[in-house]
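The block underneath contains the structure these notes are about, expressed in structure tokens.
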Amino acid sequence: MMWGDGYGMGWGLGMVVFWVLLIVVIVLLVRAFPGPRAEPPRRDALDTLRERYAAGEIDDEEFERRKKTLER
């Protein structure tokens, strides 16, 4: 005598295998095609010079001299 629609345990196991394979394929696709990665903002030499001036590492004269050199 058959219970239910007669598909038995094979059908249930097949559905589990199907969903596991589907999830594995989705995970592999996501890993294969990563989205754009954010690049750190580029700092130029003038930014570094301003930071050093603000930190007190160089004085006004040194800042202006190096700034003129960088702007050439």
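Bear in mind the structure is a predicted one, so any value in this text is a computation, not a measurement.
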Working to the nearest 0.5 Å, report the span between [atom1] of [X] and [atom2] of [Y].
{"X": "R43", "Y": "E51", "atom1": "CZ", "atom2": "CD", "value": "4.0 Å"}
{"X": "E71", "Y": "L46", "atom1": "CD", "atom2": "CG", "value": "6.0 Å"}
{"X": "L70", "Y": "T48", "atom1": "CG", "atom2": "OG1", "value": "9.5 Å"}

Problem - Single-linkage hydrophobic cluster L22~V16, side-chain heavy atoms < 4.5 angstrom - result: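 Hydrophobic grouping puts L22 apart from V16.
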Practice task
Go through the structure and list residues passing side chain to side chain donor-acceptor pair (under 3.5 Å) with R42, not counting sequence neighbours.
Solution key: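 Counting only residues at least two positions away or on another chain, R42 forms no side chain to side chain donor-acceptor pair (under 3.5 Å).
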Problem - Qualifying residues under side-chain contact (heavy atoms from CB on, under 4.5 Å), relative to L29, sequence neighbours excluded - result: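 Only V25, F33 meet the side-chain contact (heavy atoms from CB on, under 4.5 Å) criterion with L29.
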Exercise for the section: Apply side-chain contact (heavy atoms from CB on, under 4.5 Å) to I58 and list each qualifying residue two or more places apart in sequence or on a separate chain. Expected result: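 In terms of side-chain contact (heavy atoms from CB on, under 4.5 Å), with neighbours along the sequence ignored, I58 is linked to L49, R52, Y53, E62, F63.
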Problem - I23: hydrophobic cluster co-members (side-chain, 4.5 Å) - result: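 Via sub-4.5 Å side-chain contacts, I23 links to V27.
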